[in-house]
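Okay, so here's the structure we're looking at.
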Amino acid sequence: MKKSFKKSGERFLGGWRLVAIAALALAGCGPSLEPEAANAATVTEETQPDEVSAAWSPQGQVVVLTASGNIAGAVDQFRALLGDPLNVIPGQQRSGRREINWDGVPPALTNVDNFPGDFFNAVDPNAPAGRKRGAVFTTTATGFRVSDNDFSDIDPSYGDEFNAFSLPRTFMVAGGNTLDVTFRVAGTNTPAHVKGFGVVFSDVDRVGSATIQLFDKRGRSLGTFAALARSDASGFSFLGVVFDQTVVARVHITSGDAALGAGVKDVSAGGTADLVVMDDYLYGEPKRIQ
Ligand SMILES: [Ca+2]
Ligand SMILES: [Ca+2]
Ligand SMILES: [Ca+2]
């Protein structure tokens, strides 16, 4: 059964998906962001489940970008939506974005469950600039873990299950499956917000097991968005959400149904839970909350 999404403002581009949702007051208007090559406006319903929802839209437009399989083009498109340059120095920059790929995390903080949630927002003047990226992670679980072996040291089956999008390191909550990301002016304790946030997931087997929920500075939900299921051998899914204004003060990430653990198998390997890990984070330049 075919269904055209063209009239609802959605475009499908060579396997990845770009959705523009107008604000409530603008519902019915077309998307303001036109991709370069809208060459596939019709897809089967079965292969594109309805995984996008916008609970509340404060102003302007929100663009949701989802992809699975070969996600490189979608990640680049999301970079363009966040804007250039890739900022690498402390302090609030006028425009651009920040990224975290985990690959520079030192060995002493790799493959352990106590990776610091503030590692990427050091406020020590003597800390290197690479640790001042304005993102702070918190969790109600045990902690955080960066892996350089696809978490195969936790359970050998994970080596085949998970892959790094940027080699070699990936990221996951320790002892749980959810975390919150908040923002600071890079290298300071000053609360900040961003215009958008994106994450690469590895091994999403079920739509709904990997989601991000974004909140504004007053704690109001800006919507919950789900990653697509994996669709090729690499097993990557990308999910990015960007607003046309700087409104995202917190991102709640659910990475799979359950925590990793020795003997805990993925749903694709005889287990009951869809286990998912993360790689690259991309987000707008953190701007001081006024
Ligand atoms: Ca692997
Ligand atoms: Ca990486
Ligand atoms: Ca999985």
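Worth saying up front: this structure is predicted, and the values here are computed from it rather than measured. In each ligand, atom 1 is the first atom listed, and ligand 1 is the first ligand listed.
- Taking the six-membered ring for Trp and thresholds of 30 and 60 degrees, Phe120 and Phe115 have ring planes inclined between 30 and 60 degrees apart.
- In summary, Asn163 places an N/O/S atom under 3.0 Å from the Ca ion (ligand 1), meeting the contact criterion.
- Nearest N/O/S atom of Asp274 relative to the Ca ion (ligand 3): this is OD1.
- In summary, Val276 places no N/O/S atom under 3.0 Å from the Ca ion (ligand 3), failing the contact criterion.
- The pair Glu285-Arg97 fails the salt-bridge criterion, with no side-chain N (NZ, NE, NH1 or NH2) lying under 4.0 Å from an Asp/Glu carboxylate O.
- Not one N/O/S atom of Ala164, from backbone or side chain, sits under 3.0 Å from the Ca ion (ligand 1).
- Taking 4.0 Å as the cut-off between side-chain N and carboxylate O, Asp113 and Arg145 count as a salt-bridged pair.
- The N, O or S atom of Asp279 with the smallest distance to the Ca ion (ligand 2) is OD1.
- Thr170 lies apart from the Ca ion (ligand 2) in this respect, since none of its N, O or S atoms is found at a distance under 3.0 Å.
- Relative orientation of the Tyr283 and Phe197 rings is parallel, given thresholds of 30° and 60° on the angle between their planes.
- Atom CZ of Phe151 sits about 11.0 Å away from atom CG of Leu275, to the nearest 0.5 Å.
- Residues Asn101 and Asp279 approach most closely at O-OD1, 3.3 Å, considering heavy atoms.
- The Ca ion (ligand 2) is the vertex of the angle joining O of Ser166 and O of Arg169, which measures 100° to the nearest 10°.
- Residue contacts to the Ca ion (ligand 2): Pro168 brings no N, O or S atom closer than 3.0 Å.
- Backbone or side-chain N, O or S atoms of Asp103 reach the Ca ion (ligand 2) at under 3.0 Å.
- When the Ca ion (ligand 1) is compared with the N/O/S atoms of Asp150, atom OD2 turns out nearest.
- Between Phe137 and Phe171, the distance from one ring center to the other falls under 6.0 angstrom.
- Here Glu161 fails the criterion, with no N, O or S atom under 3.0 Å of the Ca ion (ligand 3).
- In this structure, Phe201 CZ and Thr211 OG1 are separated by 7.0 Å, a value rounded to the nearest 0.5 Å.
- The shortest distance between side-chain heavy atoms of Gln245 and Lys195 does not fall below 4.5 Å.
- Looking only at its N/O/S atoms, Asp205 has OD2 as the one nearest to the Ca ion (ligand 3).
- Checked against the Ca ion (ligand 3), the N, O or S atom of Asp266 at the shortest distance is OD1.
- The O atom of Phe162 and the O atom of Gly159 subtend an angle of 100° at the Ca ion (ligand 1), given to the nearest 10 degrees.
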